> 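Can you read through this structure? Questions will come right after.
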Amino acid sequence: MGEIGENEEEVKLVGAWFSPYVHRVTWVLKLKGIQYEYVEEKINSKSSLLLDCNPVHKKVPVLLHHGKPIAESLFIIEYIDETWKQNPILPTDPYDRAMARYWAPYIDQMILEGSKRALYVEGEQLKKEIKKVSEAMEVLEGMLKGKKYFGGERLGFLDIAFGWIAIWLEAIDQVAGVRFLDSHKYPLIHKWKNKFREIDVVKDSLFPMEKLVCFFKKYSQYSKLKLSEATK
Amino acid sequence: MADEVKLFGMWASPYSRRVELALKLKGIPYEYIEEDLSNKSSLLLKYNPVHQKIPVLVHNGKSIPESLVILEYIDETWRNNPVLLPRDPYKRSIARFWAKFIDEKILITTRKVSFTTGKEQDQAMEELSEQLKLLENELKGKPYFAGEAIGYLDIVVANFLVFWFRNLQEALGINMFTKERFPIIFEWIEKVVAIDVVEVCRIPKERHLVYIRTRLEAIKSASK
């Protein structure tokens, strides 16, 4: 590696520390042993780098490979998998790939976005979100029957996609005052969660609970304010 | 063993039509089952228990829901021409991004356009115009979204925009999606509709206009 000049692969990840969408990309980069530069994006003032790279959505994560931007965490993961072939993340069988592509965004919508909404909606709306999340958690529990990981014997795309549940959901539970991550109702998810947290590449994402709780408290207050402003 | 391919769809759904177009472009024989969405069949509920939505592709007994997931499945399973998704990983990620943008952002805006009036509707149309301009940008310097030949993103845009949205705008009595405002997209439209199987997959216009008007009325009166 005695070359002067740019790193040939030049991989940059623009992210935010609190974002599960960002972390799932870092897990994949680390699992594949890909060198990358991480750029932390400040929450309220979007950098010109982000605006240049993701002008449509202005959201993290964005992966830059040789300066070319790729947005949307699940698409970034597919891009990484297709570009660096070691330690494949997605299954090889087309049907299994279809199932992976189907379930990942579904759980993002139902559980990730649903539980976040539970942080700031009330009354009937809150009941609806709780019901949606619970139904999706049941589906997830069913998917783990007879399996060590969602990917089977080994970690796979869905484990990476659902991995945020092992870290973020407990903090959301605390702030929202609900019990989405009920270990009695979902013993398999509970077991999987503990296994997932033991994985090397995940260890850097294990925040102290207080830090995440503090973040979600702020998020909850901010979102409630925005909601009441919007409905005036 | 012969492949058994079934598609559960609905004649007015651009999502269902996009899967049909992919199957026809690849020359894959399939059985089409029309679903009455107000009275879903037990087969549909069996093959898509979680979402209970069309389209669902059933290949040798295995069911795949979600039109965009189905398109990728088709491309990976039947590898003959036309190859639908770009071979280059970066171009693939771009195609996926825009397809998602259409199904999420553009769909939301078209709903706003459909259910608002006056100033609110003007604003929604402005927003939609901007989104369509972004999409049009993707065509610059290429005959098709996919490059030299029709592909994944062309299928998605054709069904949503060309066949579905043009009928919607006529039913609403608006005319924002025009050749003057979107010359590049309209040039692409002429190329796309000249392809045989594309015409075959077009949602029948007159029937569709009646359908849209009826549904809009029903939704508007339900919300009163």
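Keep in mind that what you see is a predicted model, and the values were worked out from it rather than measured. Below, chain A is the first sequence line, B the second, and so on; all start at residue 1.
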> At a heavy-atom separation under 4.5 Å, does Arg97(A) approach chain B through its side chain, its backbone, both, or neither?
side chain
> Among Glu72(A), Lys68(A), Met99(A), which has the most heavy-atom pairs under 4.5 Å with chain B?
Lys68(A)
> Between Arg96(B) and chain A, which part of the residue has a heavy atom less than 4.5 Å away: side chain, backbone, both or neither?
both
> Ion pair present between Lys133(B) and Glu136(B), side-chain N to carboxylate O less than 4.0 angstrom?
yes
> Would you please indicate if the ring centroids of Phe186(B) and Phe177(B) are separated by under 6.0 Å?
yes
> Return the option, out of Glu66(B), Arg92(B), Gln131(B), with the maximum number of heavy-atom pairs under 4.5 Å with chain A.
Arg92(B)
> Under 4.0 Å between a Lys/Arg side-chain N and an Asp/Glu carboxylate O for Arg101(A) and Glu78(A)?
yes
> Which pairs, with at least one residue in residues 145-161 of chain A and sequence neighbours excluded, count as a salt bridge (Lys or Arg N to Asp or Glu O under 4.0 Å)?
none
